[in-house]
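The block underneath contains the structure these notes are about, expressed in structure tokens.
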Amino acid sequence: MPTNDAYLKAAVDAELNPGYPAAEFRYLSETDMIAAGVEDVTACIDAMEETLALHARGDYRMAGHLGESHGSKVQFPINPMHEGMPADGPDRRFVTMPAYLGGSFRMTGVKSYGSNVSNREQGLPRSILMLALHHTVTGAPLAYMSANLLSAYRTGCTSGVGARHYAPKNAKVLGLLGPGVIAKATVAALIDARPTVEHIKVLGRSTKGIDSFIEWVQDKYPTKTVEVVEELEQVVRDSDIVTFCTSIHVGDPETYPTVRREWVKPGAFFAMPAACNLDEGMFEDDVRLLVDNAGMYDAWAEETEPGASHNYVSIIGCKFNDRVHNGLIPAERLRDLGEALNHPEPQDDEEKITVYSVGGMPIEDVAWGTVVYRNAVRKGVGTVLNLWDAPAMA
């Protein structure tokens, strides 16, 4: 194994255009990203599994003084006082998410995006995302890439890692709330982890969204059946795997989609990358509370309101954190998936329910972005752009 200095020198030679002070970077459009393998679900789950294990070992950095922050957000006021300033609305924000990740990645990057639900009225995605990769030592740019698909697949495949290790081995029925872009990537990852899934129940707001999801399933998984349901209870009841992928306006957790214990099948696995609430029965000792990064939920609590962070961030891990803060459950109830990967626990209780909170971390974007970028370099995909032949100020 080379020393860090030797490795980083090799990385500079391999990933930066040789002949400093010249600098170039590779632009990857969405079409380029597809050609470079951004939709490779199995490879993405592998990358997310390594990422979570590296996180648990501490070989990473994210924003904030704790090094655990999801990112930095600009949010608009509900009643702006200045002409031209947008008003707050569902999922309206600008976010930057910087991170460094070690292991086989050794890369630093920043994902950025603007989000607005009303984008859909113009035929645009709710969020429009980009990822920049930078060399960790020099700061020089390596790549600037379309990140909508990248972000969707890293989110879905982080759920896929949990399903690999905790979903019922012979899962047959998958329940889905919110059949959008994230749902498609998540369902793809859950099926990759448990190809035994035969039937998908789906609940959505619009006929258009449901029809698009059904068409996608028929194209990708022609042997799977899809059932459109009318109530949340039908999504959950008798399902081996459940995932919520819907967008809502945050504020009151009582208005979030809520899982009730009497609906839940013994041994069910819940992958929750979006808004969710649980009733009291879902906090009994026979329910495993699994998170992607307990420290990130601590950071969210600090950045919002300790003990009430679920009012500001609708991911269920915030409710886990609030209950710990308020003395309702011990901190030991929360299990980091990365820790579980590094130190596997016995899984001899097949009827234990697992609720896995997926908050999303920028190290995941850096990981999958690095894999796709390196694929693009090998395949000659993308457009190489010149930053400078020599910097005007150095």
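Because only heavy atoms are used, hydrogens play no part in the values below, and waters and symmetry mates are left out as well, while side chains stay in. Note that the structure is predicted; figures quoted are calculated from it, not measured.
Annotation: side chain of Thr51 is not in contact with side chain of Tyr60 (no heavy-atom distance under 4.5 Å). Val264 places a side-chain heavy atom less than 4.5 Å from the side chain of Met282. Between Ile353 and Pro266, the closest side-chain pair of non-hydrogen atoms is not below 4.5 Å. Counting only heavy atoms from C-beta outward, the side chains of Cys245 and Leu176 approach each other to under 4.5 Å. Residues Met85 and Phe76 have side chains in contact (heavy-atom distance under 4.5 Å, counting atoms from C-beta outward). Looking at heavy atoms from C-beta onward, Arg106 lies out of side-chain contact with Thr136 at the 4.5 angstrom threshold. For the pair Phe105 and Ile363, the minimum side-chain heavy-atom distance is 4.5 Å or more. Within the 4.5 Å cutoff, the side chain of Leu190 has no heavy atoms near those of the Val197 side chain.
Cluster membership for Val372 and Leu54, using ILVMFWY side-chain heavy atoms within less than 4.5 angstrom, is shared. Residues Val181 and Phe213 fall into different hydrophobic clusters, defined by Ile, Leu, Val, Met, Phe, Trp and Tyr side chains chained together at heavy-atom separations under 4.5 Å. Connection of Val236 to Leu203 is established within a shared hydrophobic cluster, with ILVMFWY side chains joined at heavy-atom distances below 4.5 Å, either directly or through further cluster members. The hydrophobic clustering, which links ILVMFWY residues whose side-chain heavy atoms are closer than 4.5 Å, places Val358 and Ile248 apart. No continuous path of hydrophobic side-chain contacts links Leu129 to Leu142 [ILVMFWY only; heavy atoms under 4.5 Å].
The side chain to side chain donor-acceptor pair (under 3.5 Å) pairs that include a residue from residues 209-223 are Lys184-Ser212, where partners are two or more places apart or lie in different chains. Sorted by first and then second residue, the salt bridge (charged side-chain N to carboxylate O under 4.0 Å, His left out) pairs with a member in residues 143-154 read Arg154-Glu364, Arg154-Asp365; sequence neighbours excluded. The salt bridge (charged side-chain N to carboxylate O under 4.0 Å, His left out) pairs that include a residue from residues 287-309 are Arg288-Glu345, where partners are two or more places apart or lie in different chains. Listed by first and then second residue, the salt bridge (charged side-chain N to carboxylate O under 4.0 Å, His left out) pairs involving residues 258-269 are Asp240-Lys265, Arg261-Asp286 (not counting sequence neighbours). Within the structure, the salt bridge (charged side-chain N to carboxylate O under 4.0 Å, His left out) test picks out no pair touching residues 66-75 (sequence neighbours left out).
A donor-acceptor distance shorter than 3.5 angstrom exists from the side chain of Asn293 to the backbone of Gly295, with no hydrogens or angles considered. Here the side chain of His70 pairs no donor or acceptor atom with the backbone of Met97 at under 3.5 angstrom. Using modelled atom types, no side-chain atom of Asp389 and backbone atom of Ala22 make a donor-acceptor pair closer than 3.5 Å. A donor-acceptor pair is defined here as one N or O able to donate and one able to accept, closer than 3.5 Å; such a pair exists between the side chain of Asp322 and the backbone of Ser309. Side-chain N or O atoms of Trp368 include one that pairs as donor or acceptor with a backbone N or O of Val38 at under 3.5 Å. With Ser357 contributing its side chain and Gly317 its backbone, the two residues share a donor-acceptor pair below 3.5 Å. No side-chain donor-acceptor contact under 3.5 Å links Ser159 to the backbone of Ala271. Checked by atom type and distance alone, the side chain of Arg26 never pairs as donor or acceptor with a backbone atom of Tyr144 at under 3.5 Å. Lys201 contributes no side-chain N or O that, together with a main-chain N or O of Val229, makes up a donor-acceptor pair within less than 3.5 Å. Without hydrogens or angle criteria, Asp336 side chain to Gly338 main chain gives no donor-acceptor distance under 3.5 Å.
Rounded to the nearest 0.5 Å, atoms OG1 (Thr186) and CD1 (Ile191) are 11.0 Å apart. Met130 contributes atom CE, which lies 9.0 Å from atom CE of Met145 (distance to the nearest 0.5 angstrom). Note that CZ of Phe269 and OG of Ser239 are 13.5 Å apart. Values are rounded to the nearest 0.5 Å. Separation of atoms OH (Tyr27) and CG (Leu385) is listed at 9.0 Å; rounding is to 0.5 Å. Distance CG/Leu52 to CD/Glu50: 10.5 Å, rounded to 0.5 Å. Here CG of Leu150 is found 9.0 Å from OG1 of Thr155. Values are rounded to the nearest 0.5 Å.
Other residues, nucleotides and ligands contribute only 12 or fewer heavy atoms inside 6.0 Å of the CG atom of Asn79. Other residues, nucleotides and ligands contribute at most 12 non-hydrogen atoms within 6.0 Å of the CD atom of Glu351.
Using cut-offs of 30° and 60° on the angle between ring planes, the pair Phe283 and Phe320 is perpendicular.
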Could you give me the CA-CA distance, side-chain angles and deciding distance for Tyr100 and Met62, then say whether side chain to side chain contact (heavy atoms under 4.5 Å, CB included) is met?
-> CA-CA 7 Å; Tyr100 163 78; Met62 297 195 296; over 6 Å; no
Kindly determine whether Lys379 and Asp32 satisfy salt bridge (Lys or Arg N to Asp or Glu O under 4.0 Å), including the steps that lead there.
-> CA-CA 10 Å; Lys379 294 181 176 183; Asp32 295 331; over 6 Å; no
Does the side chain to side chain contact (heavy atoms under 4.5 Å, CB included) test come out yes or no for Phe25 and Val384, once each step is laid out?
-> CA-CA 6 Å; Phe25 64 96; Val384 176; over 6 Å; no
Pair Glu227-His199, side chain to side chain contact (heavy atoms under 4.5 Å, CB included): steps then yes or no | CA-CA 8 Å; Glu227 175 189 1; His199 185 67; 2.9 Å; yes
Quick one: do Asn148 and Glu30 satisfy side chain to side chain contact (heavy atoms under 4.5 Å, CB included)? Show the steps, please.
-> CA-CA 8 Å; Asn148 276 57; Glu30 185 168 82; 4.2 Å; yes
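Judged purely by distance below 3.5 Å, without hydrogens or angles, the side chains of Asn375 and Arg378 pair a donor atom with an acceptor atom. Counting only N and O atoms by type, the side chains of Thr108 and His134 include no donor and acceptor under 3.5 Å apart. There is no side-chain donor-acceptor pair under 3.5 Å between Tyr113 and Thr96.
Ion pairing between Glu49 and Arg164 holds under the 4.0 Å rule for side-chain N and carboxylate O.
Taking all atoms of both residues into account, the shortest heavy-atom contact from Leu337 to Val161 is CD2-CG1, 3.8 Å. Taking both residues in full, the closest heavy atoms of Pro98 and Val110 are given as CB-CG2, 3.9 Å, listed atom of the first, atom of the second, then distance. The minimum heavy-atom distance linking Pro179 with Gly204 is given by the pair CD-CA, 3.6 Å. The two residues Met296 and Gly360 make their nearest non-hydrogen contact at SD-O, 3.3 Å. Across every non-hydrogen atom of Pro253 and Thr258, the tightest pair is O-OG1, 4.5 Å. Smallest separation of non-hydrogen atoms from Ala56 and Asn342: CB-ND2, 3.3 Å.
Here Asp285 pairs with Arg333 under the side-chain contact (heavy atoms from CB on, under 4.5 Å) rule; sequence neighbours left out.
Proximity of the aromatic rings of Tyr256 and His310 is defined here by a centroid distance below 6.0 angstrom, and this criterion is met.
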